[in-house]
Amino acid sequence: MTAALSILTTYTSDGARAPYEDAVGGDGLLRYKFQGNREHYTNVGLQRAFELRLPLMWFFGIRQGLYLPFFPVWIVAVEVEQSQVAVALDEAQRHLRIDGPVSLIERGYSERITKQRLHQPVFRQRVIQAYETSCAMCHLRHRSLLDAAHIIPDRETHGVPAISNGMALCKIHHAAYDENILGVRPDYVIEVRSDILEERDGPMLRYGLQAMHDLRLTLPRRRMDRPDHNLLEERYERFRAAG
Ligand SMILES: [Zn+2]
């Protein structure tokens with residue numbers, strides 16, 4: 001039992017910045033920082049897990065005292081000078097060359113794995129927790145019908161996976177928001193697009209969409225978890241342009 005079994009990233013509230021101090025390296029692999037000095041037994045354990053090529057579990061903080069587990073993960077490099085290790089989230093990342101130049105294709109693939117395997121599930125859980133498992137628009141409380149919607153999409157550079165760039169929305173309101181069928185003003189009031197307001201149809205249109213017009217979002221209790229004003233404004237401008 002000389003090698004580390006697990007690593008742990010504690011929850012830190014993130015405000016408008018990306019919540020990961022465990023940054024992604026130039027090869028698309030996540031880095032995990034040493035705790036304290038290099039000789040500390042936890043860091044020696046990481047070194048040992050690397051040498052023995054042992055799988056580990058990574059516990060990722062979703063909120064105070066609540067973690068999302070990822071396993072198996074592997075330490076594929078120890079970078080002493082930067083006080084960190086490189087962590088592979090799957091077999092493909094495990095066999096990536098990290099001691100030499102990585103091609104653009106390899107890097108892009110590796111970054112996508114990191115996003116899909118870790119950033120997206122962590123973002124989803126953090127946002128849904130912050131909104132107490134409830135749609136910010138209609139209050140629906142079925143976890144399996146809820147998504148973490150991005151205000152600025154994550155394919156854009158400032159579309160960071162931070163709670164303040166997200167909202168917990170049910171599937172229909174998430175899709176309607178992405179399609180600019182409804183928008184959210186920077187003062188958190190929902191606007192339904194004018195042509196949609198004029199349509200006549202069944203209960204999903206009337207109660208599911210039109211009835212959201214002029215309602216205010218139900219927001220997380222903690223101010224820092226609420227949608228960022230500037231991000232909302234930027235996104236609202238796009239909604240206006242679409243109308
Ligand atoms: Zn909803």
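Counting starts at 1 for both ligands and their atoms, in listed order.
Just one residue in the list H173, M204, E199, M137 forms a side chain to side chain contact (heavy atoms under 4.5 Å, CB included) with L209, and that residue is H173.
With hydrogens and angles left out, the side-chain atoms of Q35 and T42 include no donor and acceptor closer than 3.5 Å.
Below the 2.8 Å limit, the Zn ion (ligand 1) has as protein N, O or S neighbours C135 SG, C138 SG, C170 SG, H173 ND1.
Looking at R143 and D147, no side-chain N of the basic residue comes within less than 4.0 Å of a carboxylate O on the acidic one, giving no salt bridge. Salt bridge annotation for E234-R238: present, with a cationic side-chain nitrogen under 4.0 angstrom from a carboxylate oxygen. Ion pairing of R94 with E91 is present here, as a side-chain N (NZ or NE/NH1/NH2) and a carboxylate O approach within less than 4.0 Å.
For the side-chain contact (heavy atoms from CB on, under 4.5 Å) test, residues two or more places apart in sequence or in another chain that qualify with T10 are L8, Y67.
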